[in-house]
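Working notes, structure below.
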Amino acid sequence: MSVFEHINGDGYEQVVFCSDDQSGLRAIIAIHSTALGPGLGGTRFYPYESEDQALVDVLRLSQGMTYKAAAAGLDVGGGKAVIIGDPKRVKNEELLRAYGRFVETLGGRYITAEDVGTSLEDMDTVRRETRWVTGCSHTYGGSGDPSPVTAYGVFQGMKACLLEAFGDSDLAGRSVALQGVGKVGYALCSHLAEAGAKVTIADVDVDNLGRAVSNFGVETASLDEIHKLDVDIFAPCALGGVVNDDSLSELRCRIIAGAANNQLAREEHGEKLRDLGILYAPDFVINAGGLINVEDELRGYDRGRAMKSVEGIYKQLQHVFAIASDRQISTAQAAKEYAQDRIRKISRIRLLRTTEYGTAGH
Ligand code: NAD
């Protein structure tokens with residue numbers, strides 16, 4: 001498929017192919033929407049099998065960022081970048097700086113951050129070539145690792161889910177099955193343990209598993225059992241696509257609320273969860289804490305302000321649940337409509353403001 005065939009009809013604004021012979025950089029930057037502000041989203045460094053696969057991924061991810069930012073109430077749009085290659089083999093200072101120079105040429109229409117395959121230190125390197133980067137280390141005025149903040153947002157979101165499902169937001173005594181205790185899952189486990197929840201965890205990484213067990217005294221389950229447990233909340237914090245044709249009939253939870261991106265294998269699985277009476281916290285709403293955190297850097301980072309804003313995830317989910325219940329649609333569909341509605345309303349105001357400034361200046 002040609003690039004235009006890929007992007008036609010979905011409102012993409014700009015796709016930039018970046019190539020640097022000397023460093024071997026091959027990257028694609030996709031700006032889905034700047035209707036609410038500059039496209040903000042991380043740089044994924046991944047050994048894609050083909051350019052087409054990389055293009056499909058960056059387009060899908062940049063569109064997801066538009067919805068995530070809009071639902072979180074931020075004044076940024078959706079963008080994302082991918083660098084093609086195995087980060088363990090080809091990532092180096094020269095390549096990252098070449099990439100930073102491409103980001104700089106976009107003049108702030110795209111602002112980058114870390115993602116799968118890139119780190120805080122990588123963002124510090126990119127920053128040497130461009131101002132348009134967030135998620136740098138504290139030394140550079142950045143906000144540091146976003147994972148604990150994402151976990152805090154998921155924890156707040158879980159409370160909103162409990163209120164909706166049981167009429168009581170208290171986590172004490174509630175059972176939670178936590179899939180994945182990596183950066184986000186571990187921090188979430190800490191909040192849950194402190195709140196008195198009964199947590200069961202599973203992870204492919206035995207070190208991560210052991211660390212959570214010894215620090216929080218939680219139970220463990222096998223990898224293929226964790227999503228089948230009869231619990232109040234199933235929290236996917238590892239992989240996408242956990243709600244799929246096979247797993248649907250095995251779920252015994254009342255709520256799905258976790259950090260993983262793209263939890264539904266297909267959009268219609270949101271409707272299936274509704275039919276099953278399982279309350280689903282749409283992933284891009286509940287896991288927006290990391291994005292809210294890096295967005296705060298654009299105003300000069302203030303941890304307290306960022307955390308306060310992350311607490312808003314509780315209210316945002318309540319809005320989504322209210323739309324779903326009023327319109328008798330899935331929460332996944334309601335979240336999308338909630339985001340689209342905000343883009344429509346706020347971009348109209350921004351457009352009016354630009355026109356007024358334009359008139360005033362002449
Ligand atoms: P991570 O790599 O630190 O942790 C993932 C954990 O899941 C690891 O411990 C890994 O061993 C485990 N895992 C992998 N496959 C598994 C399986 N089949 N079963 C059980 N465990 C498995 O990643 P993270 O930063 O904690 O992110 C977790 C998820 O949240 C990802 O989907 C990520 O895209 C999403 N997310 C993260 C952030 C953030 O701030 N880090 C923000 C938004 C969304």
Side-chain angles (χ1 to χ4, degrees), residues 40-46 57 60-61 64-65 67-69 71-72 74 78 80 82 87-88 113-120 122-123 134-135 142-158 176-191 199-213 215 218 220-229 234-244 246-247 250 256-265 281-297 306-307 310 313:
L40 173 58
T43 301
R44 185 160 291 195
F45 206 134
Y46 191 78
D57 206 30
R60 183 180 60 88
L61 292 165
M65 293 309 293
Y67 291 131
K68 190 183 284 210
L74 303 176
K80 200 87 182 184
V82 294
K88 290 202 182 98
E114 69 171 288
D115 195 72
V116 174
T118 54
S119 65
L120 208 69
D122 295 337
M123 290 308 113
T134 57
S143 56
D145 179 9
S147 312
V149 189
T150 301
Y152 184 61
V154 174
F155 181 65
Q156 298 301 322
M158 282 182 168
V176 182
L178 182 49
Q179 182 183 49
V181 279
K183 292 193 291 290
V184 179
Y186 179 82
L188 179 60
C189 196
S190 164
H191 287 298
V199 186
T200 308
I201 63 171
D203 198 300
V204 283
D205 184 318
V206 287
D207 293 335
N208 285 355
L209 197 70
R211 180 179 63 148
V213 170
N215 287 340
V218 291
T220 61
S222 66
L223 294 172
D224 54 352
E225 288 294 323
I226 189 80
H227 67 280
K228 302 179 191 167
L229 298 182
F234 168 48
C237 292
L239 314 161
V242 287
V243 178
N244 53 48
D246 297 328
S247 67
E250 299 171 337
I256 297 181
N261 281 313
N262 306 315
Q263 291 171 31
L264 308 181
D283 45 21
F284 67 83
V285 182
I286 196 168
N287 75 11
L291 174 66
I292 295 170
N293 195 48
V294 292
E295 194 262 358
D296 194 84
E297 281 183 38
M307 294 309 253
V310 168
I313 288 175

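Every number for a ligand or one of its atoms is a count from 1 in the order of the listing.
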All N/O donor-acceptor pairs, side-chain side in residues 177-190, below 3.5 Å, sequence neighbours left out:
unit_1: Y186; atom_1: OH; unit_2: N215; atom_2: ND2; d: 2.7

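- Using a 4.5 Å heavy-atom threshold, the side chains of E114 and L120 count as touching.
- In this view, S119 and E121, D122 satisfy the side chain to side chain donor-acceptor pair (under 3.5 Å) rule, not counting sequence neighbours.
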Would you mind listing each N/O atom of ligand 1 next to any protein N/O under 3.5 Å, plus the distance?
unit_1: ligand 1; atom_1: 3 (O); unit_2: K183; atom_2: N; d: 2.9
unit_1: ligand 1; atom_1: 3 (O); unit_2: K183; atom_2: NZ; d: 3.4
unit_1: ligand 1; atom_1: 9 (O); unit_2: G182; atom_2: N; d: 3.4
unit_1: ligand 1; atom_1: 9 (O); unit_2: D203; atom_2: OD1; d: 3.3
unit_1: ligand 1; atom_1: 9 (O); unit_2: D203; atom_2: OD2; d: 2.7
unit_1: ligand 1; atom_1: 9 (O); unit_2: N208; atom_2: ND2; d: 2.8
unit_1: ligand 1; atom_1: 11 (O); unit_2: D203; atom_2: OD1; d: 2.6
unit_1: ligand 1; atom_1: 26 (O); unit_2: K183; atom_2: N; d: 3.2
unit_1: ligand 1; atom_1: 26 (O); unit_2: V184; atom_2: N; d: 2.8
unit_1: ligand 1; atom_1: 30 (O); unit_2: A259; atom_2: O; d: 3.3
unit_1: ligand 1; atom_1: 32 (O); unit_2: A238; atom_2: O; d: 3.0
unit_1: ligand 1; atom_1: 34 (O); unit_2: N261; atom_2: ND2; d: 3.0
unit_1: ligand 1; atom_1: 40 (O); unit_2: T150; atom_2: OG1; d: 2.7
unit_1: ligand 1; atom_1: 41 (N); unit_2: S147; atom_2: OG; d: 3.2

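- No side-chain donor-acceptor contact under 3.5 Å links Q156 to the backbone of V310.
- With sequence neighbours left out, the side chain to side chain donor-acceptor pair (under 3.5 Å) criterion links D224 to S222.
- Between the side chain of T150 and the backbone N or O of G290 there is at least one donor-acceptor pair closer than 3.5 Å.
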